[in-house]
Amino acid sequence: MNNEKIKNLISAMTLEEKIGMLHGQGFFQTRGVKRLGIPPLKMSDGPMGVRQEFPMASWAAKGDNDDYVSYFPANTALAATWNPDLSYKLGNALGAETRSRGKDVILAPGINIIRSPFCGRNFEYMSEDPYLTKKMSGPVITGIQENDVAACVKHFIANNQETKRLEVDVQMDTRTMEEIYLPAFEEALTNADSFTVMTAYNKFNGSYCCENETLLKDLLRDRFNYKGIVVSDWGACHSTVESAKAGLDIEMSVTDDFDDYYFGNPLYEAVMTGKVDQGLIDEKIYRILTIMDRLHMLDKGDPTNSPIRKSGSRNTPDHHGAALDVARESIVLLKNNNRILPLNPQDFTSIAIVGDNGDKKHSTGGGSAEIKALYEHTPLAGISSYLGGNHKITYIKGYSSEKDAGPYVAFNLREEAKRLASNHDLVIFIGGLNHDHDTEGSDRSDYKLPYQQDQLVKELSQVCETLISVHISGSAVDLTDLTTYSDALIQSWYNGMEGGRALAEVLFGQVNPSGKLPFTFASDINDYAAHSIGEFPGSSTVSYSESIFVGYRHFDSHDIDPLYPFGYGLSYTNFAYSDLNLSLKDDYLEITFTIKNTGERSGKEVCQLYTSQIHPSEPRPHKELKGFVKIDLQPGYDQVIKTKIPLRDLGFYSEISRAWITEQDKYQIFIGSSSRDIHLSGEFAL
């Protein structure tokens, strides 16, 4: 459909019909214009799958049996793969499942920066690092939208806490926004071309995001030249005239008085009284119809043939395979004393699995990210299936995640777990967090493992010869005791429907772990910048006074030793780096080096590239991630890696100049397997 036809549609619409397209007429859809062939815009929550079906005006699920879907790993798991190809693969599967359910928009991906481990929605986000986030989120969007479904990248901007999320005012300087919190959104809305974007609940420098002209007009419309749809988070809109003029297109909310939304009858009255120009309404409708046209929603199709629009698919072997592939590559090996892992099934006949997360399903929790999964392999199910019937497998919780479980219950479960452990050849503890802690709507307040898990692990280590621990979470937790008392330690995630299978394959060596941490694990919560320099969660305002020193940027620049650094992850094999060469071109730096698998197993390695400016005129982090490559090598084989960094990427946003600048100076290049494990370094001058 060309622009003229869209304009003709708009001219044929009444004001009432236009207003109906600008706000929810159900909890997950707008109103269409049937007489003109314009359908409603139907949305669904993501990003771990398409949420179950709800009635138009009720939050009580329908309860039908036709809305079971594939359950994909959380975004933290996806980021831990450091594999953009898997991002595309997952996004494509998610888009197909969304379209199969008859939806037009999937409310994903979440790309807010992980500022503090306490944020309840961290599991929906990706990383503490803007570069990793933008490189992993772009392919998700591309994959989704190839299915005639719009991605909705969220939450724009600085939704880094759930505490007082409906009113908190984030105070942030321009440099912090430009370098840390904006890059992933810029990538998503320009290069990846996300058709829609969701505004955050919070205020940003004094104004709610839904009515913030700096964000919606100056950045989105003017600087990014963004032509897509701006949707409010559900209940995030606080005004009619201000939000309409700032650039909000569609208001969604959580109450059933749909016509009384700010963009319902109040917007109609604002137009009729001249407070909002009708031309502004037409601009919003034009954007919506343009996106509908790009999704082939306005195509009539030929009734004798298949409709033009893709129909999607769900619960296919390919989709389940995508979930499994991501889960496999997301698992991070943190500790492996004496190469205890991988396990050889012939070395034992009985195995004790201890821990509530050992047989806990996580798909139904977390708030809007909850999934009605077709199935979910727990760790117990995955290990049992992998080993088959020749091993005795016994499971006990060891601790209770029930809120009313008192000290007596905890003690008894712990004592029973110790008795069990002492009578088995192998003990695997599987603990961590759950969606009582990692969830929309609330933040954590304690960095320690809940439910007295530290005490359990300590006591288990005293009654068994070897203790292997698996930690499941969507955020960083104090893993000091698990590290101390475990012979091997694995970090897993809310890893989708195939998470248990993937874990078993890693434990027993069918898969060599290749995940790398997408955020830093500290020994103490006060080591994080948001808690030691900035504010978390603040009061009515929260100051991001740590500025650009978020995550490893803070740890490295202030010589704080993390428990496990950003980018960290072990393997069952070894890799050697050599032969770094730097070649300065007109507008980029060419980097070559060699990596060799020097071990006895095939494996994948994430080669990470960091840069540093030696004498900057304004403070800069000690290291900044500027590139990464994931490779797969057989034992004894090597590969020459050639990559490049645009010279503009070496720059920073200057608060003095109020612009991005790349200074004449000496720069360092660091190549390593984590932000702290550097194998090669070089220097060059601009």
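This chain uses plain numbering: 1 for the first residue, then up along the sequence.
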Heavy-atom neighbours of Lys448 NZ exceed 12 at 6.0 Å: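 Yes, the 6.0 Å shell around NZ holds more than 12 heavy atoms from other groups.
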Any chance the rings of [X] and [Y] have centres within less than 6.0 Å?
X: Tyr201; Y: Tyr208; answer: no
X: Tyr577; Y: His679; answer: yes
X: His622; Y: Tyr610; answer: no
X: Phe566; Y: Trp82; answer: yes
X: His435; Y: Tyr494; answer: yes

Euclidean distance, Asp129 CG relative to Met136 CE, rounded to 0.5 Å: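 Met136 CE to Asp129 CG: 12.0 Å, rounded to 0.5 Å.
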Basic-acidic side-chain contact under 4.0 Å: [X], [Y]:
X: Arg658; Y: Glu655; result: yes
X: Glu162; Y: Arg165; result: yes
X: Glu605; Y: Lys516; result: yes

Any donor-acceptor N or O pair under 3.5 Å, side chains [X], [Y]:
X: Arg553; Y: Ser675; answer: no
X: Asn160; Y: Tyr125; answer: no
X: Glu211; Y: Ser239; answer: yes
X: Ser578; Y: Thr594; answer: no
X: His155; Y: Asn112; answer: yes
X: Glu618; Y: Ser654; answer: yes

Set of side-chain hydrogen bond (donor to acceptor under 3.5 Å, both in side chains) partners for Glu329, sequence neighbours left out: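 side-chain hydrogen bond (donor to acceptor under 3.5 Å, both in side chains) check on Glu329 returns Asn83, Lys604, Lys630.
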For the student: nearest non-hydrogen atoms of Tyr667 and Leu650, plus distance: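 Closest approach of Tyr667 to Leu650, heavy atoms only: CE2-O, 3.9 Å.
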Pairwise salt bridge (charged side-chain N to carboxylate O under 4.0 Å, His left out) hits with a residue in residues 221-238, at least two apart: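 Of all non-adjacent pairs touching residues 221-238, those that pass salt bridge (charged side-chain N to carboxylate O under 4.0 Å, His left out) are Glu178-Arg223, Glu186-Arg223, Arg221-Asp249.
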Test log, rule ring pair (Phe, Tyr, Trp, His ring centres under 6.0 Å), inputs Phe555 and Tyr528: CA-CA 8 Å; Phe555 284 81; Tyr528 292 99; 5.5 Å; yes
Arg115 NZ/CZ over Tyr544 ring centroid, <6.0 Å and within 45° of normal: yes
Lys642 vs Ile591 side-chain heavy atoms within contact, under 4.5 Å: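 No, side chains not in contact.
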